[in-house]
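Convention: sequence-line order gives letters A, B, ...; per-chain numbering from 1. This is a predicted model, so every value here is computed, not measured.
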Amino acid sequence: MKEIRTRFAPSPTGYMHIGNLRTALYTYLIAKHEGGKFILRIEDTDQKRYVEGAVEIIYNTLKLVGLDHDEGPDIGGEYGPYVQSERKDIYLEYAKKLVDLGGAYYCFCDKERLDSLREKAEEEKTTFRYDGHCKSLSKEEVQAKLAAGEPYVIRQRIPKTGQTTFVDAVYGSITVENSELDEGVLLKSDGLPTYNFANVIDDNLMKITHVIRGSEYLSSAPKYNLLYDAFGWDIPTYVHLPLIMKEGGKKLSKREGDASFEDYYNKGFLPEAIINYIALLGWSPGGTEEEFFSLEELVENFELKGLNKSPAVFDVNKLRWMNGEYIRKKSTEEFHAMALPYYKKYISAKGIDLELLSRLLHTRVDALEDIQDHVDFIEKLPEYDATLFVHKKMKTTLENSLDSLKKALEILNDLETRDADTIHNTLFPAIKEMGIKNGQMLWPIRTALSGKQSSPGGGTDLLILLGKDESLRRIQKGIDKLK
RNA sequence: GCCCCCAUGGUCAAGCGGUCAAGACUCCGCCCUCUCACGGCGGCAUCAGGGGUUCGAGUCCCCUUGGGGGUACCA
């Protein structure tokens with residue numbers, strides 16, 4: 001059996017998009033599931049859109065999520081170069097060959113003529129298609145123009161009649177009328193190919209067996225088939241993927257919102273959680289209710305038949321939940337290590353037991369960025385209203401809260417330790433003695449210490465966390481507020 | 001406008017002619033509990049509409065509607 005070779009071919013135009021990353025993932029999985037090769041190719045044929053540093057983002061992202069490529073610009077391979085701008089000569093050679101084969105022709109039309117054609121099409125409310133103006137040029141005329149140094153372009157020649165059918169592994173067989181296809185530019189006047197040409201040449205030369213890409217290429221696929229046929233090349237297996245949509249149903253865009261991998265990563269989403277989540281956006285293992293998959297497990301379970309045809313909405317909410325699950329699966333120590341940078345950023349107060357804080361936060365954090373909102377009260381007690389002490393379920397009132405805080409201030413003042421058991425053993429007898437419910441003592445303490453509706457941990461936890469001095473200060477503040 | 005694709009709850013989705021139409025997120029209850037969270041239990045909610053085919057249709061066909069994509073010397 002022939003070895004499976006797939007390629008991820010991003011263009012270095014900026015961020016690594018979530019949709020892009022998912023394409024990379026599936027591309028990787030399809031190859032690796034069959035023990036094949038995963039290749040990285042940089043499609044930089046549009047110099048206008050080139051963004052400095054974008055290639056590094058691509059490398060970093062793939063590395064971070066563990067999609068290691070077998071061939072690529074950085075590591076080489078048998079079929080290089082893997083950067084399209086370095087393959088310029090190859091495209092020219094094949095473009096000329098295609099002209100000889102009758103699958104393409106030189107075109108000398110300038111922008112003005114093309115624009116007027118486009119305007120006319122607009123007026124007539126029809127789709128613009130190149131009118132074949134230069135198709136009738138004789139060989140001699142073409143030679144003369146070339147010799148005169150006229151700028152040119154090479155266009156694909158498409159039969160006026162008939163139909164073209166192609167088969168996609170996800171969408172099945174699709175047939176279009178040739179008359180619907182535009183004779184698009186294959187080789188631009190700057191000598192570089194368009195995507196429409198380069199993808200065919202490179203995929204063939206690099207022996208790509210499965211072409212995986214977003215479904216936005218579905219409508220141009222017939223043209224690629226025509227190209228393969230003209231060269232007499234084998235047509236690869238097409239795998240077009242449903243698009244990922246934003247909430248509200250629009251195509252995911254890097255401009256709006258935080259749809260890039262980098263953004264989520266920086267917000268404290270774990271690469272393995274992101275991979276797991278997006279793997280399930282458009283693909284389902286079927287026959288199992290398991291939804292947690294490591295990259296290795298995805299490789300093992302991934303099959304084309306699980307691919308969905310319809311677009312999927314990216315649900316940050318569910319990503320958050322899944323990320324939270326991944327965080328909770330970590331050990332306390334691992335979580336602590338991940339949380340530390342955030343503590344450094346948001347907590348300057350001394351004497352805070354950060355390890356305790358991590359234990360308290362571990363089940364309360366879905367994305368690491370949540371830490372900020374959880375720890376803000378440590379730095380400084382927020383402004384809060386006395387009514388916060390009133391809690392129906394805890395059976396607290398302004399009055400009994402004041403009593404409890406006074407008592408707490410009194411007994412805690414004598415305490416020098418920060419030990420949980422000792423604090424517990426000091427507080428609870430007092431509660432019993434006062435004849436009140438636990439919550440009637442602990443809710444006021446918790447409230448006075450945090451100044452918030454909710455906090456990571458209850459009254460005793462916060463006492464230990466903040467330490468004696470700060471705790472007493474805040475309790476006193478609460479008392480003042482209640483007087 | 002034209003061409004192509006898609007259509008199960010708010011979202012991700014299983015289903016592949018015959019089951020009470022799985023499961024997950026969200027939301028809502030209850031339990032646990034010194035708040036919240038975690039965890040446990042339970043609940044609300046889906047086959048877009050209309051025609052066919054068939055003994056029988058979420059599953060097959062057609063139309064309508066809705067959504068998405070394409071329509072560049074961008075990918």
> What is the pairing partner of B/rA7, taking Watson-Crick or G-U wobble pairs with both distances under 3.5 Å in any strand?
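B/rU65 - that is the nucleotide pairing with B/rA7, both distances being under 3.5 Å.
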> Between A/H240 and A/R213, is the side chain to side chain donor-acceptor pair (under 3.5 Å) condition met? List the steps.
CA-CA 5 Å; A/H240 286 93; A/R213 50 158 86 108; 3.2 Å; yes
> Taking any heavy-atom pair under 4.0 Å as a contact, classify A/N308: base, sugar-phosphate, or nothing.
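Sugar-phosphate only.
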> What integer number of Å spans the C1' atoms of B/rU19 and B/rC31?
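Those two atoms are separated by 33 Å.
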> Do the side chains of A/E123 and A/K120 get close enough for a salt bridge, i.e. N-O under 4.0 angstrom?
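No, A/E123 and A/K120 are not salt-bridged.
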> Scan A/T126 against the nucleic acid and name what it touches under 4.0 Å (heavy atoms): base, sugar-phosphate only, or nothing.
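The residue A/T126 makes base contact.
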> Does anything in residues 176-189 of chain A form a side chain to side chain donor-acceptor pair (under 3.5 Å)? List the pairs, not counting sequence neighbours.
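Sorted pair list: A/Y105-A/E183, A/R129-A/E180, A/K135-A/E183, A/Q163-A/E177, A/T164-A/N178.
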> Hey, does A/G324 reach any base, or is it just sugar-phosphate, or nothing, if we go heavy atoms under 4.0 Å?
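Here A/G324 touches no strand at all.
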> A quick test of your reading: do over 12 heavy atoms of other residues, nucleotides or ligands sit less than 6.0 Å from NZ of A/K477?
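No, NZ of A/K477 has 12 or fewer neighbouring heavy atoms, counting only those of other groups under 6.0 Å.
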> Can A/N276 and A/Y326 be counted as having a side-chain donor-acceptor contact under 3.5 angstrom?
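Their side chains do contain a donor-acceptor pair, which is all the 3.5 Å distance test asks for.
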> Could you please name the partner base of B/rG1, counting Watson-Crick and G-U wobble pairs only when both distances are under 3.5 Å?
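Partner of B/rG1: B/rU71.
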> Which comes earlier along RNA chain B counting from the 5' end, the contact point of A/M394 or that of A/K309, where each point is its nearest nucleotide?
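Closest to the 5' end, via its nearest nucleotide, is A/K309.
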> Give me the distance, rounded to whole Å, that separates B/rC5 from B/rG42 when you measure between the P atoms they each carry.
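To the nearest whole Å, 44 Å.
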> Calculate the interatomic distance between A/L181 atom CG and B/rC4 atom C1'; express it in whole Å.
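Answer to the nearest Å: 11 Å.
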> If pairing requires Watson-Crick or G-U wobble contacts with both distances under 3.5 Å, which nucleotide is the partner of B/rA22?
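For B/rA22, the partner nucleotide comes out as none, under the 3.5 Å rule.
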> Roughly how far apart, to the nearest Å, are B/rU35 and B/rG43 at atom C1'?
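It comes out at 25 Å once rounded to the nearest Å.
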> Rounded to whole Å, please give me the gap between CZ in A/R328 and C1' in B/rC38.
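Rounded to the whole Å, the gap is 7 Å.
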> So what does A/T460 touch, heavy atoms closer than 4.0 Å: a base, only the sugar-phosphate, or nothing?
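Contact class for A/T460: base.
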> Reading nucleotides 63-75 of chain B 5' to 3', which nucleotides get B (base under 4.0 Å from a protein heavy atom), which S (sugar-phosphate only), which -?
-----SSSSSBBB
> Nearest whole Å is fine: how far is B/rU33 P from A/H424 NE2?
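The answer, rounded to whole Å, is 13 Å.
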> Rounded to the nearest angstrom, tell me the gap between atom NZ in A/K437 and atom P in B/rU35.
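Distance, rounded to whole Å: 11 Å.
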> Roughly how far apart, to the nearest Å, are B/rC32 and B/rG39 at atom C1'?
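Approximately 8 Å lies between the C1' atom of B/rC32 and that of B/rG39.
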> Looking at A/D461 and A/R446, is any side-chain nitrogen of the basic one under 4.0 Å from a carboxylate oxygen of the acidic one?
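Answer for the salt bridge query: no.
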> Report the nucleotide, chosen from B/rC3, B/rU35, B/rC12, that has the shortest atom-to-atom distance to any side-chain atom of A/K318.
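It is B/rC12.
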> Mind calculating the distance between CD (A/E247) and C1' (B/rC25) to the nearest angstrom?
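Distance check: A/E247 CD to B/rC25 C1' gives 11 Å.
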> Report the distance from atom NZ of A/K223 to atom C1' of B/rC3, rounded to the nearest whole Å.
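Computing the A/K223:NZ to B/rC3:C1' distance gives 12 Å.
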> Pick the nucleotide of RNA chain B nearest each of A/W283 and A/N317; which residue has the one closer to the 5' end?
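Its nucleotide being nearer the 5' end, the pick is A/W283.
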> Name the one of A/Y15, A/F314, A/Y277 that satisfies ring pair (Phe, Tyr, Trp, His ring centres under 6.0 Å) with A/Y264?
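For A/Y264, the ring pair (Phe, Tyr, Trp, His ring centres under 6.0 Å) test succeeds with only one of A/Y15, A/F314, A/Y277, which is A/F314.
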> Suppose you measure atom C1' in B/rC25 against the same atom in B/rA13; what distance do you get, rounded to whole Å?
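Here B/rC25 and B/rA13 have their C1' atoms 11 Å from each other.
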> If you measure from the P atom in B/rG67 to the same atom in B/rC28, how many Å do you get, rounded?
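Roughly 30 Å separates the two P atoms.
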> Rounding to an integer number of Å, can you tell me how far A/L462 CG sits from B/rC34 C1'?
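Rounding to the nearest Å, CG of A/L462 and C1' of B/rC34 are 10 Å apart.
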> In whole angstrom, what separates A/I371's CD1 from B/rA37's P?
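That distance rounds to 18 Å.
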> A/S284 side chain: which of B/rG10, B/rA14, B/rU33 is closest?
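Looking only at heavy atoms from C-beta outward on A/S284, the closest nucleotide is B/rA14.
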> Quantified in whole Å, what is the C1' atom distance between nucleotide B/rG66 and nucleotide B/rU8?
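Between the two C1' atoms, the distance is 15 Å.
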> Report which part of the nucleic acid A/K305 touches: base, sugar-phosphate, or nothing (heavy-atom distance under 4.0 Å, all strands).
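Contact class for A/K305: base.
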> Does A/R155 make a cation-pi contact with A/Y106, if we ask for NZ or CZ under 6.0 Å from the ring centre and within 45° of the axis?
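Negative - A/R155 is either too far from the ring of A/Y106 or too far off its axis.
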> Suppose we define a pair by two distances each less than 3.5 Å, Watson-Crick or G-U wobble; what does B/rG39 pair with here?
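Checking every strand shown, B/rG39 finds its partner in B/rC31, with both distances under 3.5 Å.
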> Suppose you measure atom C1' in B/rG10 against the same atom in B/rU26; what distance do you get, rounded to whole Å?
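These two C1' atoms come out 8 Å apart once rounded.
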> Would you find a donor on one side and an acceptor on the other, under 3.5 Å apart, between the side chain of A/N308 and the backbone of A/W283?
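No, A/N308 side chain to A/W283 backbone: no donor-acceptor pair under 3.5 Å.
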